[in-house]
Amino acid sequence: KSLIQDEMVEEVDPQGLIQFLVDKLKPEENVAAALRRMRAAKAPKEEFDAITEAADKLLASGYHSVFSDPRDKIQTKLKIDLQEAEDDGRYWEYKCEANEASVPALEPRKMSTKALRAFLDQQGVSYQGIVEKDDLEAKAQQTLSRMRNQ
């Protein structure tokens, strides 16, 4: 028999926990400071435990800075319900086609070394180790060909 006991997995409502913490914290206060304040003020143990448990659950669910983030930052984690836009019946269709017209009409042989490097940088193509202009021209021509064939 396994040493690990089967535990019921409790579903965590991060938005509810965040809202609970926002309601309990003072402005600019983080969870750790709130717990210190409550300990010093001898607040009811149930309230102290509730804040600790909420922060622990958020920590376990991946919010690693829950104890140190101030209330304002915790509040930004709340999902804002956006009002739905009215449906006016129009539908938008977006298309992106790479065709001959979308490829720049460049002639690498007529470009300066600086312009060739700028073009390759713009396309995200590395030219590291290439020092000769002829080689840069060939690389730019190869890039243009690939762009036209996509």
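Taking both residues in full, the closest heavy atoms of E137 and P108 are given as CG-O, 3.5 Å, listed atom of the first, atom of the second, then distance. Nearest heavy atoms, R71 versus E28: CB-N, 4.4 Å. In terms of heavy-atom proximity, A140 sits nearest to L116 at CB-CD2, 3.7 Å. Counting all heavy atoms, side chain and backbone alike, I74 lies closest to I18 at O-CG2, 3.4 Å.
The line from CD of E53 to CG of L58 is 11.0 Å long, rounded to the nearest 0.5 Å. Distance check: D134 CG to T113 OG1 gives 9.5 Å after rounding to the nearest 0.5 Å. Residue Q123 holds its CD atom at 7.5 Å from CG of L144, rounded to the nearest 0.5 Å.
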Distance-only criterion, 3.5 Å: show the donor-acceptor pairs between side-chain atoms of residues 34-44 and protein atoms not counting sequence neighbours.
residue	atom	partner	partner atom	Å
R37	NE	E29	OE2	2.8
R37	NH2	E29	OE1	3.1

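Atom NZ of K133 sits in a crowded spot, with more than 12 heavy atoms from other residues, nucleotides or ligands closer than 6.0 Å.
For the pair Q15 (side chain) and K77 (backbone), a donor-acceptor distance under 3.5 Å is present. Between the side chain of S112 and the backbone N or O of A115 there is at least one donor-acceptor pair closer than 3.5 Å.
F67 is listed as a side-chain neighbour of D56, based on a closest heavy-atom distance under 4.5 Å. The closest side-chain heavy-atom distance from K139 to L120 is below 4.5 Å. Within the 4.5 Å cutoff, side-chain heavy atoms of K24 are placed close to those of E47. The shortest distance between side-chain heavy atoms of Q19 and Q75 does not fall below 4.5 Å. The shortest side-chain heavy-atom distance between V31 and L21 falls under the 4.5 Å cut-off. F119 has its side chain out of reach of V125: every pair of non-hydrogen atoms, C-beta onward, lies at least 4.5 Å apart.
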* To do: Test D69 against N30 for side chain to side chain contact (heavy atoms under 4.5 Å, CB included), laying out the working first.
  => CA-CA 5 Å; D69 283 349; N30 62 31; 5.8 Å; no

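Judged by distance alone, the side chains of D135 and Y127 never bring a donor and an acceptor atom under 3.5 Å apart.
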